[in-house]
Structures are given as C-alpha cells and as structure tokens.
Amino acid sequence: MTPDFDYTAPANLLRDRVILITGASGGLGSALSVACAKLGATVVLTGSKVKKLEATYDRIEAAGGTQPAILPMNLMTATWAEYEAFAATIEGNFGRLDGLVHAATHFRGFVRLEDLEPREWMDALQINLTAPYTLTRLCLPLLRKSSDASVIQVADQGSRETHAFHGIYGITKRASETLSETFAAELRNEPNLRFNSVNPGPMQTEVRRKGYAGESGLATPAPETRLARFLWLLGAESRGISGQAF
C-alpha cells in the first residue's frame with residue numbers, strides 16, 4: 001500500500017455489511033474495526049484475548065459505530081472442528097459475510113533460520129498461514145451469500161522481498177499472499193468474490209515494537225492513518241478488483 005493513497009470513505013460506505021476481522025484486539029485490526037463500524041458495518045471482532053476485544057468494542061461504542069459482535073477464538077490452538085463451529089456461529093447469527101480481513105499476525109523478533117526454534121516455526125505457520133486458509137475455506141459459503149464479498153490479507157514488506165533474519169515471519173507472510181492470489185485465480189468466475197492483499201507499511205503496533213524496540217513512535221504512523229486502502233477494498237467502489245497486491 002502506498003501511504004499516500006488518496007481516498008476518503010463516504011459516510012455509510014459499509015452500511016448493512018457484516019465484516020469479520022481477526023486480530024481485532026489491537027493494532028491495525030482494532031483500528032480497522034472501529035473505522036468499519038463507524039461506516040455502518042457490523043463488525044465481528046475475533047481474537048484470543050477477550051479483554052482486549054472488549055476494549056475494541058468499547059472504542060466502537062464511544063465512536064458511535066454500529067454495535068459489533070465479539071466472537072473470541074484462539075487461532076493458534078483451534079482445531080478444525082472449532083473453526084467449523086466458529087463459521088456456524090456466524091451463519092447462525094448473521095447469515096452471511098460481506099468482508100473478511102486477516103489482520104492477526106505472529107512475530108516474536110528477528111532471528112536467523114538456523115537459530116529458530118521449531119515451535120516458533122509451527123506457531124507462526126499456524127497464525128500467519130493456516131488460520132487465514134482455514135477461515136477463508138470454511139467461510140466461503142457465507143461469503144458466497146453476499147452480493148459483493150471482499151477478503152483482504154494484511155501483508156508486509158517481507159511478503160514482497162526476501163530479507164535476512166525475517167525468518168518464518170517473512171516466509172509465512174509471502175505464502176499468505178500466494179494464498180490470496182490463488183483463491184482469486186481459482187474463483188475468478190465468481191464476480192461477487194474478491195481476494196486482495198494490502199501492505200500498510202510501518203505502523204505503531206505491538207508487532208512492530210518487537211522488531212524495532214528502539215524506534216521512536218513519532219517516526220512511525222499510527223494504524224488509524226493506514227486504513228484508506230482497506231476501507232476502499234471493503235466497499236462497493238472497488239467491486240471487481242481481485243488478485244491484487246496493494
């Protein structure tokens with residue numbers, strides 16, 4: 001994503017849309033949840049930490065947004081059956097999905113591959129790649145019920161270039177973009193489904209601080225300043241755009 005993407009979302013851009021956002025407990029996921037709710041969407045807040053999801057819920061209410069729903073799930077430990085039950089709960093409560101944003105991410109720090117613990121490999125693989133696949137796969141029937149469903153994978157510069165010491169984080173983020181592009185290619189004959197990825201650039205988030213602990217917060221934009229491309233892709237004005245890496 002180019003940080004200067006010039007787009008102002010019109011009021012009620014997302015009115016009556018149901019949007020599932022993972023990683024909604026903080027960072028980009030929380031900021032995007034608030035913005036979507038203010039534009040009329042019913043946001044399903046997903047993450048493993050209920051108190052942090054409740055904090056996002058409170059932010060939405062304070063901002064006057066549409067009442068969201070909290071549907072906690074630990075993407076790290078969830079079984080296939082739990083993912084199925086998760087999708088069934090959304091269907092039972094909302095009947096469809098108009099948007100799905102994979103904002104949850106796992107990153108513990110920069111490390112050489114030879115020093116990477118096998119458990120860290122598995123954890124990052126689960127959150128950054130397996131969870132986006134599983135949720136998209138099981139929510140496809142719900143997305144197909146929408147007249148205009150948008151699925152967005154949050155990318156990173158490591159998704160586009162190979163960097164030393166980015167380890168499993170860089171590998172899984174690149175693979176997640178391939179996942180998005182593959183869904184777009186395979187479902188290109190279903191114009192109501194679209195799949196894109198967005199690299200929002202550096203932001204003041206907990207994940208960023210793990211890699212750049214000494215970085216001044218003043219030098220790094222807040223997540224709230226990096227939402228324009230996401231909102232555009234979730235709205236009808238980007239209808240027909242699929243398979244792109246912004």
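For R239 against S147, the heavy-atom pair with the smallest separation is NH1-O, 3.4 Å. Residues L97 and S146 approach most closely at O-CB, 3.3 Å, considering heavy atoms. The two residues S180 and S197 have their closest heavy-atom pair at OG-N, 4.2 Å. Here the shortest heavy-atom pairing between I19 and A41 reads CD1-CB, 3.8 Å. Across all non-hydrogen atoms, the minimal contact from I60 to S33 is CD1-O, 3.9 Å. Of all the heavy atoms in L39 and A9, the pair that sits closest is CD1-CB, 3.7 Å.
The salt bridge (Lys or Arg N to Asp or Glu O under 4.0 Å) pairs that include a residue from residues 16-26 are R17-D148, where partners are two or more places apart or lie in different chains. For residues 127-147, every residue pair satisfying the salt bridge (Lys or Arg N to Asp or Glu O under 4.0 Å) rule, not counting sequence neighbours, is listed here: E91-K145, R144-E190. Contacts classified as ring pair (Phe, Tyr, Trp, His ring centres under 6.0 Å) and involving residues 120-139 (residues at least two apart or in different chains) are not found.
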Evaluate side-chain hydrogen bond (donor to acceptor under 3.5 Å, both in side chains) for N74 paired with S48, printing each intermediate quantity in order.
CA-CA 4 Å; N74 190 328; S48 61; 4.9 Å; no

Walk me through whether L231 and L32 qualify under side-chain contact (heavy atoms from CB on, under 4.5 Å).
CA-CA 8 Å; L231 297 175; L32 184 59; 3.9 Å; yes

Using the rule given for side-chain hydrogen bond (donor to acceptor under 3.5 Å, both in side chains), can you reason through T136 versus H102, listing the C-alpha separation, both sets of side-chain angles and the distance that settles it, and then say yes or no?
CA-CA 9 Å; T136 302; H102 298 294; 2.8 Å; yes

Under the criterion side-chain contact (heavy atoms from CB on, under 4.5 Å), I'd like the reasoning laid out for L135 against L75: C-alpha separation, chi angles, the key distance, then a yes or no.
CA-CA 10 Å; L135 277 177; L75 299 178; 4.2 Å; yes

V154 and V198: CA distance, side-chain angles, deciding distance, side-chain contact (heavy atoms from CB on, under 4.5 Å) verdict
CA-CA 5 Å; V154 178; V198 176; over 6 Å; no

Take K173 and T105, measure what side-chain contact (heavy atoms from CB on, under 4.5 Å) needs, and give me the verdict at the end.
CA-CA 9 Å; K173 294 302 281 186; T105 192; 4.0 Å; yes

Worked check of side-chain hydrogen bond (donor to acceptor under 3.5 Å, both in side chains) between E120 and H106:
CA-CA 9 Å; E120 174 64 7; H106 180 81; 3.2 Å; yes

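Side-chain atoms of T66 and V43, non-hydrogen and from C-beta on, never get closer than 4.5 Å to each other. Using a 4.5 Å heavy-atom threshold, the side chains of Y7 and R229 count as separate. L179 is listed as a side-chain neighbour of P132, based on a closest heavy-atom distance under 4.5 Å. With a 4.5 Å cut-off on side-chain heavy atoms, V44 and V18 count as touching. Using a 4.5 Å cut-off on side-chain heavy atoms (C-beta onward), I70 and E54 make contact. Side-chain contact check for F230 versus L28: some heavy-atom pair is nearer than 4.5 Å. For the pair L140/L187, a side-chain contact is recorded, criterion being any heavy-atom separation below 4.5 Å from C-beta on. A heavy-atom distance below 4.5 Å is found between the side chains of W80 and T134.
F86 and V50 fall into different hydrophobic clusters, defined by Ile, Leu, Val, Met, Phe, Trp and Tyr side-chain heavy atoms under 4.5 Å apart, directly or through other members. Follow the hydrophobic side-chain contacts under 4.5 Å out from L113 and you reach L129 in the same cluster.
S30 contributes no side-chain N or O that, together with a main-chain N or O of G27, makes up a donor-acceptor pair within less than 3.5 Å. At least one donor-acceptor pair closer than 3.5 Å links the side chain of R188 to the backbone N or O of A185. Looking at S238, its side chain never comes within 3.5 Å of a backbone N or O of I241 through a donor-acceptor pair.
Remark: L143 CG to R194 CZ distance equals 11.5 Å, nearest 0.5 Å. Going from atom OG1 of T130 over to atom CG of L125 covers 4.5 Å, rounded to the nearest 0.5 Å. Between atom OG1 of residue T22 and atom CG of residue L71 there is a gap of 12.0 Å, rounded to the nearest 0.5 Å. Remark: S176 OG to I127 CD1 distance equals 12.5 Å, nearest 0.5 Å. Rounding to the nearest 0.5 Å gives a distance of 11.5 Å between CG of L20 and CG of D98. Interatomic distance, OG of S150 versus CG of L234, reported as 5.0 Å (0.5 Å rounding).
Every residue two or more places apart in sequence or in another chain that forms a ring-ring contact (aromatic ring centres under 6.0 Å, His included) with F183 is listed here: F195. In this structure R59 satisfies the salt bridge (charged side-chain N to carboxylate O under 4.0 Å, His left out) test together with E224, sequence neighbours excluded. When the salt bridge (charged side-chain N to carboxylate O under 4.0 Å, His left out) test is applied to D115, the partners found at least two apart in sequence or on another chain are R112.
When the options D123, D156, T172 are evaluated for a side chain to side chain donor-acceptor pair (under 3.5 Å) with N128, the one that passes is T172.
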